[in-house]
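So that the names make sense, note that chain A is the first sequence line, chain B the second, and so on, each numbered from 1.
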2 protein chains.
Amino acid sequence: MNKTQVKLIEAAEHEFAKHGFHGASIRDITARAKANIAAVNYHFGSKETLFIEMIRHRLEPLNTLRIELLDDAVAKAGKRPLKIRRIVDILVRPMVESVVNGPQNRNFMRAMGRGMSEESEFMQQIYKDVLAKVVERFRLEMARSLADLPESVVAICFAYLRSTLSGVMQIRKNNLVLDTSIQFPDADTLVAYISGGIEAIAKDYRTQNK
Amino acid sequence: MNKTQVKLIEAAEHEFAKHGFHGASIRDITARAKANIAAVNYHFGSKETLFIEMIRHRLEPLNTLRIELLDDAVAKAGKRPLKIRRIVDILVRPMVESVVNGPQNRNFMRAMGRGMSEESEFMQQIYKDVLAKVVERFRLEMARSLADLPESVVAICFAYLRSTLSGVMQIRKNNLVLDTSIQFPDADTLVAYISGGIEAIAKDYRTQNK
DNA sequence: TGCCGAATCAAACGTTTGTTTTAATCGAGG
DNA sequence: CCTCGATTAAAACAAACGTTTGATTCGGCA
């Protein structure tokens with residue numbers, strides 16, 4: 001990946017984060033990257049492919065790390081299923097800390113969070129290419145951890161987890177709903193929140209069905 | 001509000017939900033409403049104003065109900081602050097049930113969820129006009145319920161609550177990340193999840209600072 | 001019926017969009 | 001020095017966009 005391509009991707013992260021996929025224009029992206037208007041189509045083929053490559057560029061290393069951490073934790077736990085909080089931690093912490101360490105990742109997070117609400121075909125392709133495997137892996141691990149709950153309840157828990165992450169990724173500075181705006185979630189509280197929420201659902205179910 | 005305006009708003013809900021604000025076109029909206037291309041500008045002035053009125057149309061009754069329920073609960077509680085779970089319930093349940101009762105509200109929810117990630121000026125106007133008062137009210141009530149926590153922690157809790165709601169609103173049928181797709185969250189589990197998450201953050205803070 | 005404002009309609013407006021084309025420029029290898 | 005593939009540049013493309021216009025139709029009241 002040469003210098004122009006990297007500049008284009010970083011400019012794309014900025015513009016897609018700020019205006020969403022349809023709201024961002026190739027002209028603004030190339031202008032920000034100080035490249036020619038034709039550069040996107042020359043290097044990436046299309047606006048959609050640029051978006052896909054932007055996601056892949058940041059997400060693939062992140063997901064590799066997540067899988068490694070999960071594999072380690074599962075190996076150390078032996079036969080015992082992991083605790084929910086542990087699973088959520090492994091899923092969430094690398095993401096949050098990538099934003100803390102690299103400010104550019106913040107734009108990427110927001111761009112991707114917004115993209116996840118798209119239902120165009122190119123977004124489904126992103127899901128299949130760089131997301132599906134990781135999602136399936138974590139979902140299975142969570143189902144194992146909540147083995148006493150019916151599949152439908154686990155599915156709801158997982159949907160809420162995903163919705164929370166998707167919502168958190170879209171948080172921006174000077175957030176509409178926040179005067180006391182937070183910079184970006186810290187891993188500890190976010191993990192506590194999500195796993196606490198899931199455990200509360202599980203607890204409700206258990207007390208209702210005991 | 002006459003018949004054409006209602007048709008336009010319902011078509012707008014559908015198109016904005018599916019494609020987002022910038023991805024939806026006035027031509028598609030008017031076509032779906034079986035109205036003329038000029039109808040949006042004639043009746044609402046602009047695409048942005050149509051979006052604003054669409055939000056106001058559904059959100060104002062919902063927020064009125066929320067405030068009524070909250071006032072009642074606070075009155076009955078006397079001096080005692082409401083429990084977190086109660087506050088979240090009042091905030092969330094009317095929203096979820098509006099979707100269960102009226103399928104059209106589902107489109108509205110998704111359109112609004114996507115709109116909340118916009119930072120254009122018209123979105124800030126929506127916030128000021130139809131959202132700010134309710135948000136402030138619930139935030140205060142939550143701060144009262146978590147009076148022993150510092151303001152920054154309450155702000156984080158509130159940000160997560162908001163992010164979860166924003167993410168949940170964007171859930172669609174055949175959600176990318178869900179094979180076993182859920183139709184729409186039910187109020188009970190969603191309330192349990194959010195309040196459980198907030199209480200988990202509070203619990204963490206208290207054990208660390210006792 | 002005659003009238004007038006409201007509503008609808010087809011057509012066109014000027015921009016902006018993503019993309020393509022064609023020529024110019026660059027940089028390493030023979 | 002020349003050549004050739006890779007990259008950049010400027011210009012143009014057709015299509016789609018939100019919006020406006022001006023004529024036409026509609027609906028209730030005098």
Side-chain angles (χ1 to χ4, degrees), chain A residues 1-57 111-112 114-115 117-126, chain B residues 1-57 111 114-115 118-126:
Chain A
M1 178 153 297
N2 72 33
K3 204 172 287 184
T4 306
Q5 289 168 332
V6 172
K7 280 198 304 175
L8 284 172
I9 283 195
E10 291 185 349
E13 285 169 343
H14 184 101
E15 295 295 322
F16 285 141
K18 192 159 192 172
H19 303 111
F21 178 77
H22 292 103
S25 76
I26 287 191
R27 278 171 177 79
D28 286 346
I29 292 171
T30 50
R32 173 170 292 270
K34 298 188 198 307
N36 190 267
I37 314 180
V40 163
N41 286 273
Y42 177 77
H43 285 289
F44 295 97
S46 71
K47 187 187 183 186
E48 295 196 348
T49 323
L50 168 64
F51 192 89
I52 293 176
E53 291 308 312
M54 175 197 81
I55 298 283
R56 195 197 308 278
H57 180 64
M112 178 172 160
R114 301 186 67 160
S117 66
E118 297 286 343
E119 50 187 308
S120 322
E121 193 179 342
F122 78 95
M123 202 56 217
Q124 290 175 241
Q125 186 185 331
I126 290 178
Chain B
M1 178 154 299
N2 72 34
K3 203 171 287 183
T4 304
Q5 289 168 331
V6 172
K7 281 197 304 174
L8 285 172
I9 283 195
E10 292 185 348
E13 285 168 344
H14 184 102
E15 295 295 322
F16 286 141
K18 193 159 192 173
H19 304 109
F21 179 77
H22 292 103
S25 75
I26 287 191
R27 279 172 175 81
D28 286 347
I29 292 172
T30 49
R32 173 170 292 271
K34 296 189 199 306
N36 189 267
I37 314 181
V40 162
N41 286 273
Y42 177 77
H43 285 289
F44 295 97
S46 71
K47 187 187 182 185
E48 295 195 348
T49 324
L50 169 63
F51 192 89
I52 293 175
E53 291 308 312
M54 175 196 81
I55 299 282
R56 194 197 309 277
H57 179 63
R114 301 186 66 161
E118 297 287 343
E119 50 187 309
S120 322
E121 193 180 342
F122 78 96
M123 201 59 218
Q124 290 174 242
Q125 186 185 330
I126 290 178

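Within residues 49-57 of chain A, no residue places a heavy atom under 4.0 Å from DNA chain C. A heavy-atom distance below 4.0 Å to DNA chain D is reached by these residues of residues 10-27 of chain A, ordered by number: R27(A).
With rounding to whole Å, K3(A) atom NZ is found 16 Å from dC26(C) atom P. Nucleotide dT19(C) holds its P atom 11 Å from the CD1 atom of I29(A), rounded to whole Å. Rounded to whole angstrom, the span from the CZ atom of F44(B) across to the P atom of dA7(C) amounts to 12 Å. The interatomic distance linking K47(B) (NZ) with dC17(D) (C1') rounds to 8 Å, in whole Å.
With a 4.5 Å cut-off on side-chain heavy atoms, V6(A) and N2(A) do not count as touching.
In this structure, CG on L8(B) lies 13.5 Å from NZ on K3(B), to the nearest 0.5 angstrom. To the nearest 0.5 Å, atoms OG (S120(A)) and CD1 (I126(A)) are separated by 9.5 Å. Atoms CD and CE, from Q125(B) and M123(B) in turn, are 10.5 Å apart once rounded to the nearest 0.5 Å.
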Side-chain atoms of residues 9-18 of chain B: list all donor-acceptor pairs with protein atoms under 3.5 Å, sequence neighbours left out, distances to 0.1 Å.
| unit_1 | atom_1 | unit_2 | atom_2 | d |
| --- | --- | --- | --- | --- |
| E13(B) | OE1 | R58(B) | NH2 | 3.1 |
| E13(B) | OE1 | Q104(B) | NE2 | 2.7 |
| E13(B) | OE2 | R58(B) | NE | 2.6 |
| E13(B) | OE2 | R58(B) | NH2 | 3.4 |
| H14(B) | NE2 | R32(B) | NH2 | 3.1 |
| E15(B) | OE1 | H19(B) | ND1 | 3.4 |
| E15(B) | OE2 | R32(B) | NE | 3.1 |

Donor-acceptor contacts, no H, no angles, side chain residues 33-45 of chain B, under 3.5 Å, sequence neighbours left out:
| unit_1 | atom_1 | unit_2 | atom_2 | d |
| --- | --- | --- | --- | --- |
| N36(B) | OD1 | A38(B) | N | 3.0 |
| H43(B) | ND1 | Q5(B) | NE2 | 3.4 |

Item to complete: Verify side chain to side chain contact (heavy atoms under 4.5 Å, CB included) between M54(A) and M112(A), making sure each step is shown before the conclusion.
Response: CA-CA 9 Å; M54(A) 175 197 81; M112(A) 178 172 160; 5.7 Å; no
Worksheet item: For T49(B) and F122(B), what are the C-alpha separation, side-chain angles and deciding distance, and is it a side chain to side chain contact (heavy atoms under 4.5 Å, CB included)?
Response: CA-CA 8 Å; T49(B) 324; F122(B) 78 96; over 6 Å; no
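In this structure a side-chain-to-backbone donor-acceptor pair under 3.5 Å is present from R114(B) to S117(A).
Under the salt bridge (Lys or Arg N to Asp or Glu O under 4.0 Å) criterion, no residue pair touches residues 36-48 of chain B, with sequence neighbours excluded.
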Polar atom pairs (N or O), protein with nucleotides 5-11 of chain D, under 3.5 Å:
| unit_1 | atom_1 | unit_2 | atom_2 | d |
| --- | --- | --- | --- | --- |
| dT7(D) | OP2 | Y42(A) | OH | 3.2 |
| dT8(D) | OP1 | T4(A) | OG1 | 2.6 |
| dT8(D) | OP2 | H43(A) | NE2 | 2.8 |

